[in-house]
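The block underneath contains the structure these notes are about, expressed in structure tokens.
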Amino acid sequence: MGYDPANPMKDRITDIGPPHYAQFYPQVIKDNHGKWLYHEILKPGVLKHVSESGAECYTVRCASARLISISLIRDMCDIADKHCDGVLRFTTRNNVEFMVDSAAKLQPLVDACNAHGMLPIGGTGASVSNPVHTQGWVHCHTPATDASGVVKAVMDELFEYFTSMKLPAKVRVALACCLNMCGAVHCSDIAILGVHRKPPLIDNDTISAVCELPLAVAACPLGAIKPAKGINSAGEEVKSVAINNDRCMFCGNCYTMCPSLPLADAEGDGIAILVGGKISNARSMPKFSKMVIPFLPNTPPRWPETVAAVKNILEVYAKDARKYERVGEWAERIGWEKFFEKCNIPFSDKCIDDYRLAYTTWRTSTQFKFTSHIK
Amino acid sequence: MPKHDTPLLDQLESGPWPSFVSDLKRQAEQNPQCWDILGQLELSYVDKITHWKHGGIVGVFGYGGGIVGRYSDVPKQFPGVAHFHTVRVNQPSSKFYNTKVLRQICEIWERRGSGMTNMHGSTGDMVLLGTFTEQLEEIFYELTHDVGVDLGGSGGNLRTPSCCLGKARCEWACYDTAAACHHITNAYQDELHRPAFPYKFKTKFSGCPNDCVAAIARSDLSVIGNWRDNIRINQAEVKGYLKGDYAPSGGAFSGRDWGKFDIQKEVIALCPTGCMWMEGDVLKIDDAECTHCMHCINVMPRALRPGVVTGATILMGAKAPILDGAQMSTLVVPFIKMDMENEFAEYKAIIEKAWDWWMEEGKNRERIGETAQRVGLPAFLKVMEVEPIPQHVKEPRSNPYVFWKDEEVEGGFERSLAEFRKKHPM
Amino acid sequence: MAADREQIKAKILEEMAKAKKPALYLKDMHKWLEDVSPREIKNAANELVKESKLKFWSSGSSTMYTLPDRAKDEDARGV
């Protein structure tokens, strides 16, 4: 009868792993597993898959905010119970997908999603798909910006690109609230990245109690942290560290290992924009996103500078790129100097790599364009 | 009734994108601690800084992962979130659910947590967001006994494996990603629940080179479906595309008038290897030159399909930037079979070889891709017992600094100076 | 011939008690047990956790081991 704190090992079940996926498949998927022939996107957010057997699976894809309540999950369950024999799935990009096995069942399902109000349909084909993002200020201890709020503000502005398919190719937007990049934004078409810009404070009142100093020293990739004596607020000498601020690249790895080295700061923290990454191997190889705007301030609740920057890049790309060209493929074709010019983004030394292996990004050629950057 | 004024967050209730603020307020009617989530988040919006602190010893007994500890730094103001620990629940392959299981989990989370979730976290787990230390064992008991689900990974463990949709609903899957993910997750439950490694280890299963779970960018061991025979062509359907019967890319570009489909411009000219051409209205592909990029298949899904000799390409070492900069996975084994019949034996041989080496050679908090970079790709390939082939590099090295070994050089490194001086006096 | 499980466990506890640092990685245990495979050390350490003789300490991103009475945790920080 439930967990017994007095006897925690009683009937304990461990290492059972996840439940078997196949029990959750809709019937049409059970029947046609591995037999799918082709698919079509009937309209934004609505997919049709056709099997060798002639069977059809219709999917309606709706965005979620990723940070969602059990009330909303129960609403999703209600829709699945009513329309989809009690089955639904989620995508890697935090969408929810409802599936039915005939065209006749599709419209009532679409109507139910539309009637809900929190389940916008879209994110397929040449659209801005649902941004993957991290926790931000709602749960994380190392963020340089919020996640859910920035994404909400950006997607309110880009909403028409989620519900349509009018871009030159799919555009993956992603946000990570610090350089740890739990959201793995580093291969996204447009990446919104939280960055710190002030070196850590040293809390000598707590450092020897809560930190393993050798770990804090070892945590710095640039050797900027050394063991040193410090003075606490009572005027006593304590074992602590010293930080060479000139060598700090604000990665926050020391704070991850030692809570007495906080670096978050209202003015220091903000957002960098990186563009041109991709995962897919289609046409060109996968690419990293490249930094084009090194800093925008944190301006909650709606981060107007970040929203404007993302929208500007998206719309210049939408106008200028060729069909099938991802943002990075477009930027490489026209040249990054043209990218900065067309997007009217000032170029600065912050966009030139000076970290390890930086040389691979420097231009060792006479091939360049005479853009407005050349005076 | 709201417990705190949230004038800044309230501004995120308008607009067409789903509002997490409205959602939190709705949930607060059942789980009042959501008011404190909103209150503390509003404070962060004012202060422009987080109010959460580090983790610590929280977890369920005997597991080194699955729970991430979190504490408020302003618990007196927001007692409902004084503890705000995360429970990572191992998702089923491809994230299919029936509503019975979801409702069971919702019910547990309404009683024992904040009622807020992530569907899903970046790694793939279902994330139950925010509960108190004393609830953890109770939640674990109910999840394992009543729902039949287990916790996912955190810390220096195997992290919860994840996969794409695969053969369930995709015509391009070159192996059964859901079966592989499920089997591997179960085979390595010990590595998933108890620390084993210098740092985290992620593995992800994508069914084709489109890589919908981003395995190449974010998994230490990326398993990406591939084929080694010929693209299957249905010439009748090619003619359908030529005549305009079908929209290219299944209609993915239908929101704009891009003009009539032009196979020359949209497929043949964009093929990165130039291995396609038309002979009349017949499409030809020189498959020996094909690099399996998927572009032509993506554009003409009715006419073209991956081949039938299918399996996976193994790439290793991807990670986010901390510390040495971001890495993508590097090709290690060009092709393996991924079969349930032999319980993915080839995959297991690779992952276990890599783990045994990394457990020995890896430094604390060093991802395997960083260890591999530290020792160099040639040394890493030797560890993996893989013959070096041109496919392992984009291009051969341009510097001449080869680390020749004693045994590789005729006569070895040991030489007599006396013999040398006989011919070359100083 | 590798040392048996109980010997490995005894060595781990002995060294953990002597160690300056209260929390250690698995990796740190390797140098006490040079002839023992990392996998065997891992299994022994995790068995000690099952026996409540060691505890896990997790930052979320990495995991360490501590003796139960030497744990630096939130309680120690006065939360």
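For clarity, every value in this text was computed on a predicted model and none was experimentally measured. Here is how names work: the chains are called A, B, and so on, in the same order as the sequence lines, proteins then strands, and each is numbered from 1.
The candidate from B:Met294, B:His120, B:Arg218 with the greatest count of non-hydrogen atom pairs under 4.5 Å with chain A is B:His120. Contact count against chain A (heavy-atom pairs under 4.5 Å) is highest for B:Thr117 among B:Asp211, B:Asn90, B:Thr117, B:Leu41. Note on B:Leu8, B:Thr144, B:Leu12: by heavy-atom pairs under 4.5 Å with chain A, the leading option is B:Leu12. If you tally non-hydrogen atom pairs under 4.5 Å between each of A:Lys43, A:Met76, A:Glu52, A:Glu97 and chain B, the highest count goes to A:Glu97. Among the candidates A:Thr124, A:Val132, A:Asp146, the residue making the largest number of heavy-atom pairs closer than 4.5 Å to chain B is A:Asp146. The candidate with the highest count of non-hydrogen atom pairs below 4.5 Å against chain B, out of A:Pro143, A:Ala219, A:Cys140, A:Pro44, is A:Cys140. Most heavy-atom pairs under 4.5 Å with chain A: of the set B:Gln11, B:Glu137, B:Glu110, this distinction falls to B:Glu137.
In this structure, the portion of B:Cys170 lying under 4.5 Å from any heavy atom of chain A is its backbone and not its side chain. Residue contact with chain A, scored on non-hydrogen atoms closer than 4.5 Å, is absent for B:Ser206. For a residue to count as touching a neighbouring chain, one of its non-hydrogen atoms must lie under 4.5 Å from one of that chain's; by this rule B:Arg169 touches chain A with backbone and side chain alike. Proximity to chain A is limited to the side chain of B:Tyr63, based on heavy atoms less than 4.5 angstrom apart. Residue contact with chain A, scored on non-hydrogen atoms closer than 4.5 Å, is absent for B:Ala173. For chain A, the nearby parts of B:Leu270 are the backbone and the side chain; heavy atoms of each come within less than 4.5 Å. Contact annotation for B:Glu266: both backbone and side-chain heavy atoms come within less than 4.5 Å of a heavy atom of chain A. Heavy atoms closer than 4.5 Å to chain A are found nowhere in B:Val89, neither backbone nor side chain.
Between A:Ser51 and A:Lys35, the side chains place no donor N or O within less than 3.5 Å of an acceptor N or O (distance only, hydrogens not considered).
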List the steps, then state whether side chain to side chain contact (heavy atoms under 4.5 Å, CB included) holds for B:Trp17 with A:Asn130. CA-CA 10 Å; B:Trp17 193 251; A:Asn130 195 354; 3.1 Å; yes

